[in-house]
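As the structure is a prediction and not an experimental result, all values here were calculated from the model. These numbers come from the heavy atoms of this one structure, side chains and all, not from hydrogens, waters or symmetry mates.
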2 protein chains.
Amino acid sequence: MGRMDTPATTRPTAPSHLTIGEVARRARVGIDTIRYYEREGLLPPSPRRASGYRDFGGDTVERLRFIRRAKDLGFSLGEIRELLALSSDRERGVRDVKRRAQARLAGIEERIRELQSVRRGLKQLIAACPGHGPLEHCPILRALGGEDRA
Amino acid sequence: MGRMDTPATTRPTAPSHLTIGEVARRARVGIDTIRYYEREGLLPPSPRRASGYRDFGGDTVERLRFIRRAKDLGFSLGEIRELLALSSDRERGVRDVKRRAQARLAGIEERIRELQSVRRGLKQLIAACPGHGPLEHCPILRALGGEDRA
DNA sequence: CTAACCCCTGGACCATGGTCCAGAGTCAAG
DNA sequence: CTTGACTCTGGACCATGGTCCAGGGGTTAG
């Protein structure tokens, strides 16, 4: 049965009875990864068929895609779990969800600032490096090897 | 994050017989980390005293600082091992070091762009979220794929 | 009914980058 | 000489993010 590809043009229409393998193909992750995410609390424990097989709904595919995208962007699974937790926190409500999203935003902005600082430093070093000549004159090596000046 | 500037003027004289503990304190890394780096080939096997104690020269301290700073710039230990090899390669050293620094810079800039994209999306969601009312109307939750069926 | 799949669990294993520990030897001060 | 701080080794352990395997059972087409 060569259903390797989801049509992609048509609406996924979330069929509500998928096996773990079908979910894995649709979300483009490994089967073991799905079970791992379940263990780690990134996916809720799925309902089971009489056989013990996991019985997923199409929303799981969405959730896995979200996880994959977030992971590609450098979020840790812990961070992703937190992002996902925003969507199941009926107790504390929208207000808390918004507050936590803002906290996450602040974290992202902090990380951006750090990386920008690194980028500035690296850019300067590269600009100052002639790309040839004696090692002693390479500003990159000198910066890395220099004394601490805290 | 490490400083980028090079003093280059002072060479506060590396004492040439340091124990691993003295090196660790000077380089601000753990003793175990030094032994780990030696095992991993980031430090050459140190000479030993008659007792078996490692006997470091002050250059090791500089090398460790180099490693720490490169790590701060996002180089992996594997990449750092290569950088260290280049830094003692008179033929290709400077040119390759510059190239690798440029590659690292490109990686950092890529990550910055990704995070900025995330930030934009998250900002929009936060702006659109009223901060109260039913969860179903929260744009943040809707964007994340919403419901949890447990 | 029998293949050929699929799925289940628990646990081992991988890389990365360390950190810690036990048991034994070394070194310097008092 | 004793004490306490230091060092040695090999190996266990940690977190992260999976991946694979054995030994079972489920399911489906021919």
[X]: what forms a salt bridge (charged side-chain N to carboxylate O under 4.0 Å, His left out) with it, not counting sequence neighbours?
X      : result
R35(B) : D32(B)
R48(B) : E38(B)
R25(B) : none

Practice task
Give a yes/no on whether any side-chain N or O of R49(B) is located under 4.0 angstrom from OP1 or OP2 of dT26(C).
Solution key: no
Handout entry: dG25(D) OP1/OP2 closer than 4.0 Å to side-chain N/O of R48(A)
Key = no
Tell me the interatomic distance from [X], atom [atom1], to [N], atom [atom2], rounded to whole angstroms.
X      : N       : atom1 : atom2 : answer
F56(A) : dC8(C)  : CZ    : C1'   : 12 Å
R68(B) : dG17(C) : CZ    : P     : 17 Å
E38(A) : dC8(C)  : CD    : C1'   : 12 Å
H17(B) : dC27(C) : NE2   : C1'   : 17 Å
R81(A) : dA15(D) : CZ    : P     : 12 Å
L18(B) : dT7(D)  : CG    : P     : 11 Å
E79(A) : dA15(D) : CD    : P     : 17 Å
L64(B) : dG17(C) : CG    : P     : 15 Å

Exercise for the section: Would you indicate what R54(B) reaches in the nucleic acid, counting non-hydrogen atoms under 4.0 angstrom: base, sugar-phosphate, or nothing? Expected result: sugar-phosphate
Which value, rounded to the nearest 0.5 Å, describes the distance between [X] atom [atom1] and [Y] atom [atom2]?
X      : Y      : atom1 : atom2 : value
L42(B) : R39(B) : CG    : CZ    : 11.5 Å
L77(B) : Y36(B) : CG    : OH    : 5.5 Å
F56(A) : E22(A) : CZ    : CD    : 10.5 Å

Using a cutoff of under 3.5 Å, can you pull out all pairs of nitrogen or oxygen atoms linking the protein to nucleotides 23-25 of chain C, with atom names and distances?
{"unit_1": "dG25(C)", "atom_1": "N2", "unit_2": "Y53(B)", "atom_2": "OH", "d": "2.7"}

Practice task
Return yes if some donor-acceptor pair links the side-chain N/O of R81(B) with the main-chain N/O of G41(B) below 3.5 Å, else return no.
Solution key: no
Exercise for the section: Measure the shortest side-chain to side-chain distance between L64(B) and T33(B) over non-hydrogen atoms and say whether it is less than 4.5 angstrom. Expected result: no
Please list, pair by pair, any protein nitrogen or oxygen found under 3.5 Å from a nitrogen or oxygen in nucleotides 18-20 of chain C.
{"unit_1": "dG18(C)", "atom_1": "OP2", "unit_2": "Y37(B)", "atom_2": "OH", "d": "2.7"}
{"unit_1": "dT19(C)", "atom_1": "OP2", "unit_2": "T33(B)", "atom_2": "OG1", "d": "2.7"}

Handout entry: Along DNA chain D (nearest heavy atom to each residue), the more 5'-positioned of A50(A) and T19(B)
Key = T19(B)
Problem - Residues which pass side-chain contact (heavy atoms from CB on, under 4.5 Å) with E109(B), listed by chain and number, not counting sequence neighbours - result: R119(A), K123(A), L105(B), R113(B)
